[in-house]
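Here is the structure we will look at, set down as C-alpha coordinates.
Keep in mind that the numbers below use all heavy atoms, side chains included, and drop hydrogens, waters and symmetry copies. This chain uses plain numbering: 1 for the first residue, then up along the sequence. First listed ligand is number 1; within each ligand, the first listed atom is number 1. Keep in mind the model is a prediction, meaning the values are calculated, not measured.
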Amino acid sequence: MSHKIQYDIPIRMRRNRYSSGIRAMVAENAVTVNDLIYPVFILDGSNRKEAINSMPGQSRVSLDNLLLIAQDLVDNKVNGIALFPVIEGLKDNQASQSYADEGLVQTAIRLLKSKFPQLVVFSDVALDPYTIHGQDGIIDDTAYVLNDETIEVLIKQALSHARAGVDFVSPSDMMDGRIGLIRDALDQHGFINVGIMAYSAKYASKYYGPFRDAVGSSSNLANADKKNYQLNPANIKEAMCEVALDIAEGADMVMVKPGLPYLDVVSTVANNFDKPVAVYHVSGEYAMLKAASLAGYLDYDATLIETMLCFKRAGADMIWTYSALDVARILNTKS
Ligand code: PBG
(Lines give C-alpha, C1' and ligand atoms only; values in the text may rest on other atoms or scores of the structure.)
Protein backbone atom coordinates (compact mmCIF):
# COMPACT_ATOMS: atom_id res chain seq x y z
CA MET A 1 0.00 0.00 0.00
CA SER A 2 1.47 3.35 -0.96
CA HIS A 3 0.89 6.62 0.75
CA LYS A 4 1.46 10.11 -0.56
CA ILE A 5 3.24 11.11 2.58
CA GLN A 6 5.24 8.87 4.86
CA TYR A 7 6.89 10.48 7.84
CA ASP A 8 9.34 8.70 10.08
CA ILE A 9 6.98 7.53 12.84
CA PRO A 10 8.48 4.28 14.10
CA ILE A 11 5.91 3.71 16.79
CA ARG A 12 2.42 3.58 15.35
CA MET A 13 -0.12 2.56 17.97
CA ARG A 14 -2.81 2.17 15.34
CA ARG A 15 -1.18 -1.03 14.00
CA ASN A 16 -2.71 -2.93 16.93
CA ARG A 17 -6.12 -1.55 16.04
CA TYR A 18 -5.93 -2.31 12.31
CA SER A 19 -8.46 -5.15 12.11
CA SER A 20 -11.15 -6.59 14.32
CA GLY A 21 -9.10 -9.77 14.76
CA ILE A 22 -6.10 -7.82 16.02
CA ARG A 23 -8.29 -5.68 18.25
CA ALA A 24 -9.81 -8.79 19.78
CA MET A 25 -6.36 -10.27 20.46
CA VAL A 26 -5.08 -7.21 22.27
CA ALA A 27 -8.25 -6.59 24.28
CA GLU A 28 -7.25 -6.23 27.93
CA ASN A 29 -10.69 -6.82 29.41
CA ALA A 30 -13.91 -8.57 28.52
CA VAL A 31 -17.38 -8.84 29.91
CA THR A 32 -18.98 -12.28 30.11
CA VAL A 33 -22.30 -13.64 31.33
CA ASN A 34 -20.44 -14.96 34.38
CA ASP A 35 -20.03 -11.41 35.64
CA LEU A 36 -23.74 -10.64 35.88
CA ILE A 37 -26.19 -10.49 38.76
CA TYR A 38 -29.78 -9.49 38.08
CA PRO A 39 -31.69 -7.51 40.75
CA VAL A 40 -35.43 -8.24 40.70
CA PHE A 41 -38.31 -6.52 42.52
CA ILE A 42 -40.79 -9.00 43.95
CA LEU A 43 -44.41 -8.72 45.02
CA ASP A 44 -46.94 -10.81 46.91
CA GLY A 45 -49.78 -12.58 45.14
CA SER A 46 -49.80 -14.29 41.78
CA ASN A 47 -49.90 -13.38 38.13
CA ARG A 48 -48.77 -9.84 38.89
CA LYS A 49 -46.40 -7.78 36.80
CA GLU A 50 -46.31 -4.03 37.35
CA ALA A 51 -44.17 -1.89 35.11
CA ILE A 52 -41.87 0.51 36.99
CA ASN A 53 -42.33 3.93 35.38
CA SER A 54 -38.90 5.28 36.19
CA MET A 55 -37.18 2.07 35.03
CA PRO A 56 -38.54 1.30 31.56
CA GLY A 57 -38.32 -2.43 30.84
CA GLN A 58 -38.29 -3.44 34.55
CA SER A 59 -41.27 -4.66 36.56
CA ARG A 60 -42.30 -5.69 40.02
CA VAL A 61 -43.31 -9.33 39.76
CA SER A 62 -45.12 -11.92 41.84
CA LEU A 63 -43.30 -15.15 42.57
CA ASP A 64 -44.82 -17.16 39.70
CA ASN A 65 -43.38 -14.56 37.33
CA LEU A 66 -40.11 -14.55 39.28
CA LEU A 67 -39.72 -18.21 38.32
CA LEU A 68 -40.12 -17.30 34.64
CA ILE A 69 -37.37 -14.71 35.05
CA ALA A 70 -35.18 -17.27 36.81
CA GLN A 71 -35.70 -19.67 33.90
CA ASP A 72 -34.71 -16.89 31.50
CA LEU A 73 -31.55 -16.24 33.54
CA VAL A 74 -30.63 -19.93 33.54
CA ASP A 75 -31.33 -20.21 29.80
CA ASN A 76 -29.07 -17.21 29.20
CA LYS A 77 -26.38 -18.58 31.54
CA VAL A 78 -26.63 -15.76 34.07
CA ASN A 79 -25.63 -17.18 37.46
CA GLY A 80 -26.83 -14.56 39.91
CA ILE A 81 -30.13 -13.08 41.05
CA ALA A 82 -30.74 -10.51 43.81
CA LEU A 83 -34.12 -10.07 45.48
CA PHE A 84 -35.72 -6.79 46.49
CA PRO A 85 -39.17 -6.99 48.07
CA VAL A 86 -42.01 -4.58 47.57
CA ILE A 87 -43.92 -4.77 50.83
CA GLU A 88 -47.47 -3.44 50.70
CA GLY A 89 -49.36 -2.63 53.87
CA LEU A 90 -47.14 -4.60 56.22
CA LYS A 91 -44.73 -1.84 57.24
CA ASP A 92 -44.12 -0.87 60.87
CA ASN A 93 -41.48 0.89 62.96
CA GLN A 94 -39.76 -2.34 63.95
CA ALA A 95 -39.58 -3.82 60.41
CA SER A 96 -41.08 -7.00 61.82
CA GLN A 97 -41.86 -8.47 58.39
CA SER A 98 -38.16 -8.38 57.57
CA TYR A 99 -37.45 -11.58 59.50
CA ALA A 100 -40.75 -13.45 59.08
CA ASP A 101 -39.99 -17.01 57.97
CA GLU A 102 -43.07 -16.97 55.76
CA GLY A 103 -42.23 -13.47 54.45
CA LEU A 104 -42.04 -12.60 50.78
CA VAL A 105 -38.25 -12.78 50.43
CA GLN A 106 -37.95 -15.94 52.51
CA THR A 107 -40.66 -17.62 50.40
CA ALA A 108 -39.00 -16.44 47.20
CA ILE A 109 -35.62 -17.83 48.29
CA ARG A 110 -37.12 -21.26 49.09
CA LEU A 111 -38.95 -21.34 45.77
CA LEU A 112 -35.92 -20.29 43.71
CA LYS A 113 -33.54 -22.69 45.43
CA SER A 114 -35.97 -25.60 45.03
CA LYS A 115 -36.51 -25.03 41.30
CA PHE A 116 -33.12 -23.61 40.30
CA PRO A 117 -30.54 -24.85 42.81
CA GLN A 118 -27.70 -23.73 40.52
CA LEU A 119 -28.79 -20.08 40.56
CA VAL A 120 -26.82 -18.02 43.10
CA VAL A 121 -29.32 -16.09 45.21
CA PHE A 122 -28.43 -12.83 46.95
CA SER A 123 -30.83 -11.34 49.48
CA ASP A 124 -30.83 -7.72 50.61
CA VAL A 125 -30.32 -7.28 54.32
CA ALA A 126 -31.68 -3.85 55.29
CA LEU A 127 -34.93 -2.64 56.73
CA ASP A 128 -36.06 0.08 54.30
CA PRO A 129 -38.74 -1.97 52.47
CA TYR A 130 -40.30 -2.81 55.85
CA THR A 131 -40.23 0.47 57.78
CA ILE A 132 -42.96 3.10 57.73
CA HIS A 133 -40.31 5.84 57.50
CA GLY A 134 -38.31 4.18 54.71
CA GLN A 135 -34.99 4.30 56.57
CA ASP A 136 -32.72 1.24 56.52
CA GLY A 137 -32.90 0.85 60.29
CA ILE A 138 -34.74 1.42 63.55
CA ILE A 139 -35.08 5.10 64.44
CA ASP A 140 -35.26 6.98 67.73
CA ASP A 141 -37.66 9.84 68.48
CA THR A 142 -35.42 12.31 66.63
CA ALA A 143 -35.54 10.03 63.56
CA TYR A 144 -31.87 9.12 64.00
CA VAL A 145 -31.13 5.61 62.73
CA LEU A 146 -29.91 3.60 65.70
CA ASN A 147 -26.89 1.43 64.90
CA ASP A 148 -26.92 -1.45 67.36
CA GLU A 149 -30.71 -1.70 67.66
CA THR A 150 -30.80 -2.00 63.87
CA ILE A 151 -28.17 -4.73 63.85
CA GLU A 152 -30.29 -6.80 66.24
CA VAL A 153 -33.02 -6.88 63.57
CA LEU A 154 -30.56 -7.34 60.68
CA ILE A 155 -29.23 -10.47 62.37
CA LYS A 156 -32.75 -11.91 62.60
CA GLN A 157 -33.34 -10.99 58.97
CA ALA A 158 -30.08 -12.60 57.81
CA LEU A 159 -30.82 -15.78 59.78
CA SER A 160 -34.30 -16.04 58.29
CA HIS A 161 -32.78 -15.79 54.80
CA ALA A 162 -30.20 -18.42 55.71
CA ARG A 163 -32.93 -20.78 56.97
CA ALA A 164 -34.70 -20.29 53.63
CA GLY A 165 -31.54 -21.39 51.84
CA VAL A 166 -30.00 -18.20 50.48
CA ASP A 167 -26.47 -18.34 49.06
CA PHE A 168 -25.37 -14.84 50.05
CA VAL A 169 -26.90 -12.30 52.37
CA SER A 170 -26.14 -8.77 51.20
CA PRO A 171 -26.22 -6.19 53.97
CA SER A 172 -26.91 -2.87 52.26
CA ASP A 173 -27.66 -0.86 55.40
CA MET A 174 -24.22 0.63 56.22
CA MET A 175 -24.49 0.14 60.00
CA ASP A 176 -21.15 -0.16 61.82
CA GLY A 177 -20.10 -3.65 62.87
CA ARG A 178 -22.93 -5.51 61.20
CA ILE A 179 -20.80 -7.76 59.03
CA GLY A 180 -18.96 -9.28 62.00
CA LEU A 181 -22.11 -9.72 64.03
CA ILE A 182 -24.03 -11.29 61.13
CA ARG A 183 -21.08 -13.62 60.44
CA ASP A 184 -21.02 -14.69 64.09
CA ALA A 185 -24.76 -15.32 64.12
CA LEU A 186 -24.64 -17.33 60.88
CA ASP A 187 -21.77 -19.45 62.22
CA GLN A 188 -23.42 -20.00 65.60
CA HIS A 189 -26.45 -21.38 63.78
CA GLY A 190 -24.38 -23.62 61.57
CA PHE A 191 -24.70 -21.60 58.37
CA ILE A 192 -20.99 -21.72 57.64
CA ASN A 193 -21.56 -21.84 53.88
CA VAL A 194 -23.87 -18.85 53.67
CA GLY A 195 -21.73 -16.02 52.35
CA ILE A 196 -21.79 -12.29 52.92
CA MET A 197 -21.70 -9.86 50.04
CA ALA A 198 -21.15 -6.58 51.88
CA TYR A 199 -22.32 -3.31 50.46
CA SER A 200 -19.13 -1.78 51.85
CA ALA A 201 -18.74 1.44 49.90
CA LYS A 202 -22.33 2.51 49.55
CA TYR A 203 -22.78 6.21 48.92
CA ALA A 204 -25.70 8.44 49.86
CA SER A 205 -26.67 8.81 46.22
CA LYS A 206 -29.50 10.43 44.32
CA TYR A 207 -28.97 7.76 41.67
CA TYR A 208 -31.12 5.45 43.85
CA GLY A 209 -34.25 7.48 43.08
CA PRO A 210 -35.91 5.03 40.66
CA PHE A 211 -35.20 2.10 43.04
CA ARG A 212 -36.98 3.92 45.84
CA ASP A 213 -39.94 4.42 43.51
CA ALA A 214 -39.84 0.74 42.63
CA VAL A 215 -39.96 -0.47 46.24
CA GLY A 216 -42.25 2.35 47.31
CA SER A 217 -39.85 3.74 49.93
CA SER A 218 -39.51 7.21 48.40
CA SER A 219 -42.91 8.30 49.67
CA ASN A 220 -42.07 6.78 53.07
CA LEU A 221 -38.76 8.63 53.14
CA ALA A 222 -40.42 11.91 52.11
CA ASN A 223 -37.74 14.59 52.49
CA ALA A 224 -35.44 12.57 54.73
CA ASP A 225 -32.07 11.30 53.50
CA LYS A 226 -29.60 8.60 54.48
CA LYS A 227 -26.53 10.78 54.91
CA ASN A 228 -25.76 9.82 58.49
CA TYR A 229 -25.06 6.22 57.49
CA GLN A 230 -24.32 6.10 53.76
CA LEU A 231 -21.04 7.61 52.48
CA ASN A 232 -20.49 11.18 51.34
CA PRO A 233 -19.87 11.21 47.55
CA ALA A 234 -16.89 13.50 48.27
CA ASN A 235 -14.97 10.76 50.09
CA ILE A 236 -12.81 7.84 49.03
CA LYS A 237 -10.43 7.28 51.97
CA GLU A 238 -13.47 6.72 54.16
CA ALA A 239 -14.73 4.14 51.65
CA MET A 240 -11.41 2.29 51.91
CA CYS A 241 -11.83 2.14 55.71
CA GLU A 242 -15.32 0.70 55.26
CA VAL A 243 -14.04 -1.97 52.88
CA ALA A 244 -11.13 -2.86 55.16
CA LEU A 245 -13.47 -3.21 58.15
CA ASP A 246 -16.00 -5.34 56.30
CA ILE A 247 -13.27 -7.67 55.06
CA ALA A 248 -11.75 -7.90 58.55
CA GLU A 249 -15.20 -8.72 59.91
CA GLY A 250 -15.66 -11.57 57.43
CA ALA A 251 -17.16 -10.25 54.19
CA ASP A 252 -16.65 -12.73 51.34
CA MET A 253 -17.30 -10.15 48.64
CA VAL A 254 -17.45 -6.37 48.77
CA MET A 255 -19.45 -3.92 46.76
CA VAL A 256 -19.10 -0.38 45.47
CA LYS A 257 -22.33 1.46 44.74
CA PRO A 258 -23.33 3.35 42.56
CA GLY A 259 -21.20 2.26 39.61
CA LEU A 260 -20.32 4.50 36.70
CA PRO A 261 -19.84 7.78 38.62
CA TYR A 262 -17.72 5.89 41.20
CA LEU A 263 -15.26 3.99 38.99
CA ASP A 264 -12.33 5.54 40.88
CA VAL A 265 -13.66 3.84 44.01
CA VAL A 266 -14.07 0.51 42.19
CA SER A 267 -10.53 0.76 40.92
CA THR A 268 -9.00 1.72 44.26
CA VAL A 269 -10.83 -1.11 46.05
CA ALA A 270 -9.82 -3.63 43.37
CA ASN A 271 -6.18 -2.54 43.59
CA ASN A 272 -5.94 -2.58 47.37
CA PHE A 273 -7.92 -5.61 48.49
CA ASP A 274 -7.94 -9.26 47.53
CA LYS A 275 -11.64 -10.07 47.93
CA PRO A 276 -13.94 -10.16 44.88
CA VAL A 277 -15.39 -6.75 44.09
CA ALA A 278 -18.91 -6.17 42.87
CA VAL A 279 -20.17 -2.97 41.37
CA TYR A 280 -23.83 -1.97 41.36
CA HIS A 281 -24.99 -0.30 38.14
CA VAL A 282 -27.86 1.29 40.03
CA SER A 283 -31.40 2.22 39.11
CA GLY A 284 -30.60 5.84 38.19
CA GLU A 285 -27.81 4.77 35.87
CA TYR A 286 -30.14 2.27 34.22
CA ALA A 287 -32.86 4.93 33.93
CA MET A 288 -30.50 7.43 32.27
CA LEU A 289 -29.35 4.94 29.65
CA LYS A 290 -32.89 3.74 28.99
CA ALA A 291 -34.31 7.23 28.73
CA ALA A 292 -31.60 8.39 26.35
CA SER A 293 -31.94 5.31 24.17
CA LEU A 294 -35.75 5.51 24.11
CA ALA A 295 -35.39 9.12 22.98
CA GLY A 296 -33.08 7.96 20.21
CA TYR A 297 -30.04 9.77 21.62
CA LEU A 298 -27.96 6.69 22.47
CA ASP A 299 -27.65 3.19 21.07
CA TYR A 300 -28.77 1.06 24.04
CA ASP A 301 -26.99 -2.22 23.23
CA ALA A 302 -23.64 -0.70 22.29
CA THR A 303 -23.60 1.82 25.12
CA LEU A 304 -24.59 -0.90 27.58
CA ILE A 305 -21.76 -3.23 26.56
CA GLU A 306 -19.31 -0.32 26.71
CA THR A 307 -20.54 0.48 30.24
CA MET A 308 -20.06 -3.14 31.34
CA LEU A 309 -16.57 -3.17 29.88
CA CYS A 310 -15.72 0.00 31.81
CA PHE A 311 -16.73 -1.72 35.04
CA LYS A 312 -14.43 -4.62 34.20
CA ARG A 313 -11.57 -2.31 33.25
CA ALA A 314 -11.95 -0.53 36.59
CA GLY A 315 -11.49 -3.91 38.29
CA ALA A 316 -14.98 -5.17 39.07
CA ASP A 317 -15.38 -8.95 39.23
CA MET A 318 -19.17 -8.86 39.29
CA ILE A 319 -21.77 -6.43 38.01
CA TRP A 320 -25.23 -6.01 39.50
CA THR A 321 -27.34 -4.58 36.72
CA TYR A 322 -30.99 -4.32 35.71
CA SER A 323 -29.65 -4.83 32.19
CA ALA A 324 -28.24 -8.28 33.01
CA LEU A 325 -30.63 -10.14 30.71
CA ASP A 326 -30.03 -7.64 27.91
CA VAL A 327 -26.26 -7.96 28.30
CA ALA A 328 -26.55 -11.74 28.29
CA ARG A 329 -28.71 -11.75 25.16
CA ILE A 330 -26.26 -9.46 23.37
CA LEU A 331 -23.26 -11.57 24.38
CA ASN A 332 -24.99 -14.87 23.64
CA THR A 333 -26.10 -13.85 20.14
CA LYS A 334 -22.57 -12.63 19.31
CA SER A 335 -20.84 -15.91 20.18
C1 PBG B 1 -31.70 -0.22 50.28
C2 PBG B 1 -31.14 -0.34 48.92
C3 PBG B 1 -31.12 0.72 48.00
C4 PBG B 1 -30.59 0.19 46.82
C5 PBG B 1 -30.28 -1.15 47.06
N6 PBG B 1 -30.60 -1.45 48.38
C7 PBG B 1 -31.63 2.09 48.09
C8 PBG B 1 -31.20 2.97 49.17
O9 PBG B 1 -30.19 2.77 49.84
O10 PBG B 1 -31.94 3.93 49.38
C11 PBG B 1 -30.45 0.98 45.58
C12 PBG B 1 -30.35 0.23 44.31
C13 PBG B 1 -30.57 1.00 43.09
O14 PBG B 1 -30.73 2.24 43.08
O15 PBG B 1 -30.61 0.36 42.03
N16 PBG B 1 -31.07 -0.76 51.33
Side-chain angles (χ1 to χ4, degrees), residues 36-42 52-60 80-87 91 95 97-98 105 122-139 145 147 150-151 153-154 157-158 161 168-175 178-179 182 196-233 239 242 246 254-262 278-291 307 311 318-324:
L36 305 169
I37 293 158
Y38 187 42
V40 183
F41 299 102
I42 54 173
I52 302 164
N53 289 340
S54 50
M55 300 177 71
Q58 302 301 311
S59 306
R60 310 174 187 89
I81 188 167
L83 300 173
F84 292 97
V86 182
I87 303 295
K91 303 188 187 201
Q97 272 299 307
S98 64
V105 169
F122 294 82
S123 62
D124 200 57
V125 172
L127 307 184
D128 52 312
Y130 305 95
T131 53
I132 289 168
H133 43 73
Q135 294 288 359
D136 290 19
I138 305 294
I139 60 172
V145 176
N147 195 84
T150 296
I151 293 180
V153 186
L154 297 177
Q157 188 182 24
H161 295 175
F168 281 84
V169 290
S170 317
S172 70
D173 56 288
M174 291 297 281
M175 296 301 114
R178 89 281 202 218
I179 299 300
I182 290 172
I196 301 179
M197 150 80 78
Y199 285 64
S200 300
K202 178 171 179 180
Y203 286 86
S205 173
K206 280 293 177 192
Y207 285 97
Y208 307 152
F211 174 98
R212 292 178 189 171
D213 289 341
V215 299
S217 67
S218 43
S219 53
N220 296 94
L221 262 183
N223 291 324
D225 60 45
K226 301 190 177 183
K227 291 180 184 170
N228 64 32
Y229 48 103
Q230 299 179 348
L231 289 166
N232 181 346
E242 288 282 6
D246 284 358
V254 294
M255 184 194 285
V256 175
K257 178 183 175 199
L260 220 37
Y262 293 79
V279 64
Y280 201 140
H281 181 227
V282 301
S283 58
E285 301 173 66
Y286 173 84
M288 291 196 301
L289 178 51
K290 267 286 166 178
T307 303
F311 288 139
M318 289 157 278
I319 305 166
W320 292 45
T321 177
Y322 302 98
S323 301

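Within the listing of ligand 1, atoms 1 (C), 6 (N), 16 (N) sit less than 4.0 angstrom from a heavy atom of Ser172. Near Ala126, meaning under 4.0 Å from any of its heavy atoms, are these atoms of ligand 1: 16 (N).
Among protein heavy atoms, the minimum distance from atom 9 (O) of ligand 1 is reached at Lys202 NZ, 2.8 Å. Ranking protein heavy atoms by distance to atom 8 (C) of ligand 1, first place goes to Lys226 NZ, 3.3 Å. The single protein non-hydrogen atom nearest to atom 4 (C) of ligand 1 is Lys257 NZ, 2.6 Å, given as residue, atom name and distance.
Applying the salt bridge (charged side-chain N to carboxylate O under 4.0 Å, His left out) test to residues at least two apart or on different chains, none of the pairs has a partner in residues 204-220.
The aromatic rings of Phe41 and Phe84 lie tilted to each other, with the angle between the two planes from 30° to 60°.
Counting heavy atoms under 4.0 Å from ligand 1, residue Phe84 touches it through the side chain alone. Under 4.0 angstrom from ligand 1, the non-hydrogen atoms of Asp124 all belong to its side chain. Contacts between Val282 and ligand 1, counted as non-hydrogen atom pairs separated by less than 4.0 Å, involve both the backbone and the side chain.
Comparing Tyr208, Tyr229, Phe211, Tyr280 against atom 3 (C) of ligand 1, the shortest heavy-atom distance belongs to Phe211.
Under a 3.5 Å cut-off, the side chain of Tyr208 and the backbone N or O of Tyr203 do form a donor-acceptor pair.
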